[in-house]
Amino acid sequence: AAYDGGGAAAAVPQACAPAGEAVDVRVRCTYEWTLTAFDDHTRADARAGLRSELYAPALAIDNDPPWPAGAELSPPAADVTVLGDAGAAPGDEYAWPVTRQVVTWSPARGSEGSVHVLCLRLADARTGAFARRVCSAPLRVRRCQFCARPGDTLRSLALEFDTDWLQLWGANVGVAD
């Protein structure tokens, strides 16, 4: 999760990459990251008078740098999740608005070798007040690798890649049916 120090946090697609390392993605594979945005104030904040219903966190695409073709961000799906202070007694939980959104992307043929970073803006959906900019780990589109889809055959793939099925079969000896 990325945290802005001011009470707003959002999970961004890190795809299990150590900080600063690129994540390998493949052409024709569909990737999906579920993002969660929430206001992470504490029960003590609520007791001090901070009202959770005043905030509606939401993510929006930040096109600097531009998102790759086909990458999409779903509309916000708001819900209220019960969260608790560390060590809170049962029944002493509190609820804050949580918004979930999904990023989907299937790298297109021709994007091999490119590197993309998906950046988002975290803001309050009601007021538009900007809270933080968050970015993914670099997503590197692998060369010479792609995902086969249901219904693909060696013949259909050979036609797509302007070769013959025997060349594909010979180059993929270790690949199961």
Side-chain angles (χ1 to χ4, degrees), residues 1-4 8-38 40 56-79 81 97-125 128-177:
Y3 176 65
D4 74 345
V12 294
Q14 294 297 326
C16 301
E21 290 188 27
V23 175
D24 288 333
V25 295
R26 288 163 180 78
V27 167
R28 298 179 76 210
C29 293
T30 299
Y31 296 90
E32 185 175 283
W33 295 278
T34 299
L35 310 178
T36 301
F38 60 93
D40 66 347
L59 298 164
I61 292 174
D62 185 333
N63 270 313
D64 183 23
W67 275 34
E72 296 178 354
L73 177 65
S74 71
D79 58 15
T81 298
V98 173
T99 302
R100 286 182 175 73
Q101 290 175 260
V102 177
V103 173
T104 55
W105 180 44
S106 182
R109 189 156 174 242
S111 64
E112 298 89 338
S114 62
V115 177
H116 302 277
V117 175
L118 307 179
C119 293
L120 299 156
R121 294 175 61 84
L122 175 63
D124 181 73
F130 173 71
R132 180 169 174 95
R133 181 176 190 257
V134 291
C135 296
S136 71
L139 304 171
R140 179 179 47 225
V141 183
R142 295 291 306 260
R143 293 180 189 273
C144 304
Q145 293 185 6
F146 73 98
C147 290
R149 295 181 178 155
D152 283 343
T153 64
L154 286 175
R155 184 167 190 257
S156 68
L157 294 172
L159 289 170
E160 182 177 338
F161 289 94
D162 195 28
T163 188
D164 64 69
W165 72 268
L166 193 55
Q167 292 290 325
L168 289 177
W169 179 75
N172 293 283
V173 175
V175 177
D177 288 343

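For this chain, numbers begin at 1 and follow the sequence in order. Quick caveat: nothing in here was measured; it's all calculated off a predicted structure.
Here the options are Leu154, Thr153, Leu159, the test is side-chain contact (heavy atoms from CB on, under 4.5 Å), and the partner is Ser156; only Thr153 passes.
Applying the side-chain hydrogen bond (donor to acceptor under 3.5 Å, both in side chains) definition to pairs two or more places apart or across chains, those involving residues 107-119 are Ser114-His116.
In this structure a side-chain-to-backbone donor-acceptor pair under 3.5 Å is missing from Trp165 to Leu157. Looking only at distances, a side-chain donor or acceptor of Gln101 sits under 3.5 Å from a matching main-chain atom of Ser74. Trp105 contributes no side-chain N or O that, together with a main-chain N or O of Cys29, makes up a donor-acceptor pair within less than 3.5 Å. Using a distance-only test at 3.5 Å, with no hydrogens or angles considered, no donor-acceptor pair links the side chain of Thr99 to the main chain of Ala77.
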- [ ] Would you sort out whether Arg28 and Asp152 count as a side-chain contact (heavy atoms from CB on, under 4.5 Å), showing the intermediate values?
- [x] CA-CA 12 Å; Arg28 298 179 76 210; Asp152 283 343; 3.0 Å; yes
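Counting non-hydrogen atoms of neighbouring residues, nucleotides and ligands closer than 6.0 angstrom, the CD atom of Gln167 reaches no more than 12 such neighbours. Shown here is Arg149, whose CZ atom has more than 12 heavy atoms of other residues, nucleotides or ligands within 6.0 Å.
Residues Pro107 and Phe146 form no side-chain contact, since every pair of their non-hydrogen atoms from C-beta on lies 4.5 Å or further apart. Looking at Arg133 and Asp64, their side chains come closer than 4.5 Å, going by heavy atoms from C-beta outward. Taking the side chain as every heavy atom from C-beta outward, Leu118 and Pro68 approach each other to under 4.5 Å. Counting heavy atoms from C-beta on, the side chains of Leu120 and Asp62 never come closer than 4.5 Å.
One distance of note links CD1 of Ile61 with CH2 of Trp67; it measures 4.5 Å at 0.5 Å rounding. One finds the CZ atom of Arg26 at 10.0 Å from the CZ atom of Arg140 (value rounded to the nearest 0.5 Å). Here CG of Leu168 is found 7.5 Å from CG of Asp164. Values are rounded to the nearest 0.5 Å. In this structure, CD in Glu32 is found 10.0 Å from CG in Leu35, a value given to the nearest 0.5 Å.
Smallest separation of non-hydrogen atoms from Pro138 and Val117: CA-CG2, 4.0 Å. Between Ala37 and Leu122, the closest heavy-atom pair is CB-CD1, 3.7 Å.
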